[in-house]
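Here's the structure, in structure tokens; my notes come after.
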Amino acid sequence: MWAGAMYRYMAPAHSLCSGMGGDDRVGSPAEARARVPLRLVVILGALTAVGPLSVDMYLPALPQLARDLSAGPVPAQLTLTSCVIGLALGQMVAGPLSDAWGRRRPLLIGLAAYAAASLLCAVAPTVETLIALRWVQGAAGAAGIVIGRAIVRDLYDGAAVARVFALLMLVTGLAPILAPIFGGQLLRVGPWPAVFVVLGCAGAALFLGALLGLRETLPGERRGDGGARGSLTTFRTLLADWSFLGYALASGTAFAAMFTYISGSSFVLQDIYGLSPQEFSLVFGGNALGLVTAGQIGGRLVGRVRLSRLLAVGLAMLLTGGVGLVVMVLAGAGLAGVLPALFLVVAAQGLIGPNAMALALSGRPARVAGSASALIGLAMFSIGGSMAPLAGVAGPHTAVPMALVIAALAVAACSVALGTRPRRRGRPDRRGQRRADVGLPGEP
């Protein structure tokens, strides 16, 4: 019954893609405001929240875990790093597989493996075993992230994609706030393995939700050829397309700026500016609320305001926040200057993420949506993971490195986006064939 109801709700959205083969068209403003079923938002939002849940819920358990496994701070931290690496690289496997096999099979395999790996983490006897299992957990969980985005592209196009991604932020935007809070409370009633038991149960629940609530959105006639050679060809084609690559890099560098904030803000705001853990939680939650609010405002404007303009507003917010943060830190302005700048950095993601993702994915054949989503995810996690450690290079007594890294990433995101333009509808490619647009009709 649930699957049947989902099919009826999604039928108008699927008509955007049906009957077009590899030649996709742009959603109109009316289509951008088309009804999006609540169940779809919840399931896909939960799938894309696997990453924040796997990383953030686990953070409060690190000290206890290190003591119980007789591990130092570095091996304990490697259990976190291995999960992030798995989340990045796993998308490069799950995305192309979903283009060749369809979405359901690799998604269900990934979720089952995620649930199993999470439960095995709870009984890991050594920190080395846990590091390996955390990599497996991240790689398996990546299937939910990358395939969830590809399903959005299967069902929607153009402005509608941006609106759906904005709606998903209602779920994914709350995950980084609630996960560490829930993890901390969980540790009050149980040891650190309880965190992984809960993650395993969450993976099992996601498996059932996908099994019962998501139909196959990529029929056989619209799938790619599959195989390593076909995947490499698809990756090369996407990377050679500056329209796609520019939006992917803009999204990745903007996400890296927020990732730097997430990794360094606890240290900066508590150790340097003297906030208590409770006050820090309020600040962290307020910034995340700004992200969710900006995403919902942007989602309501989709169909009336061009995607590139919404993206430009988000990038302007990010640049203002990043440069303002450097100025306030160097000027010694204190929390009164630092907090508004950080709020802009985080809230900007609500406009950058959905619109950059929509511009990168829309107007492309559904048979490459998984591979395209994988490259975007790789850019986000690899840039974020490599840049975030630079925030602490000068030690625990200055916020200058974090501010400089965030500002540099903001400048990089804006610079990349300035050189990127949506592909125009009907513009001939090198072979003289007509190509689809990726933005709204009339988008510059």
Side-chain angles (χ1 to χ4, degrees), residues 52 55-56 59 62-63 72-85 87-88 176 180 249-277 279-284 286-288 290-291 314-349 352 379-417:
V55 174
D56 297 341
L59 293 177
L62 277 176
V74 173
Q77 192 68 28
L78 284 176
T79 64
L80 178 63
T81 303
S82 65
C83 182
V84 174
I85 294 173
L87 285 168
L249 289 175
S251 175
T253 49
F255 174 82
M258 186 179 72
F259 195 80
T260 301
Y261 153 79
I262 291 173
S263 64
S265 60
S266 175
F267 148 72
V268 167
L269 294 179
Q270 293 185 72
D271 292 350
I272 296 179
Y273 290 102
L275 291 185
S276 68
E279 291 169 336
F280 170 74
S281 297
L282 290 175
V283 170
F284 197 86
N287 288 341
L291 183 153
L315 289 169
M317 290 172 59
L318 177 64
L319 184 62
T320 302
V323 174
L325 181 62
V326 173
V327 172
M328 294 301 168
V329 169
L330 292 177
L335 286 173
V338 169
L339 292 183
L342 288 176
F343 180 85
L344 284 176
V345 168
V346 178
Q349 308 297 323
I352 297 172
M380 294 169 66
F381 281 96
S382 60
I383 299 174
S386 61
M387 297 300 292
L390 298 178
V393 295
H397 304 297
T398 175
V400 172
M402 186 187 80
L404 289 175
V405 170
I406 290 175
L409 289 168
V411 171
C414 293
S415 300
V416 171

Do L404 and V400 have side chains that get closer than 4.5 Å, going by heavy atoms?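 Answer yes - side chains close enough.
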Locate the shortest heavy-atom distance separating [X] from [Y]; write the atom from each residue and the value.
X: A254; Y: Q349; result: O-NE2, 3.1 Å
X: A341; Y: G324; result: CB-C, 4.1 Å
X: G314; Y: A348; result: O-CB, 3.2 Å
X: A417; Y: A250; result: CB-CB, 4.3 Å
X: G274; Y: E279; result: O-OE1, 4.2 Å
X: L87; Y: V55; result: CD1-CG2, 4.1 Å

Partner of L325 by side chain to side chain contact (heavy atoms under 4.5 Å, CB included), out of L342, L330, T320: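 Filter result, single survivor: L342.
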Test applied, side chain to side chain contact (heavy atoms under 4.5 Å, CB included); reference residue, V411; option that passes from L319, L318, V416: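 Looking at L319, L318, V416, the match for V411 under the side chain to side chain contact (heavy atoms under 4.5 Å, CB included) is L319.
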Measure the [atom1]-[atom2] distance between [X] and [Y] for me, rounded to the nearest 0.5 Å.
X: I406; Y: M387; atom1: CD1; atom2: CE; result: 10.5 Å
X: L269; Y: L335; atom1: CG; atom2: CG; result: 7.0 Å
X: L282; Y: L275; atom1: CG; atom2: CG; result: 9.5 Å
X: C83; Y: L78; atom1: SG; atom2: CG; result: 12.5 Å
X: L409; Y: M258; atom1: CG; atom2: CE; result: 12.0 Å
X: L249; Y: T253; atom1: CG; atom2: OG1; result: 7.0 Å

side-chain contact (heavy atoms from CB on, under 4.5 Å) assessment of F255 paired with I383: CA-CA 8 Å; F255 174 82; I383 299 174; over 6 Å; no
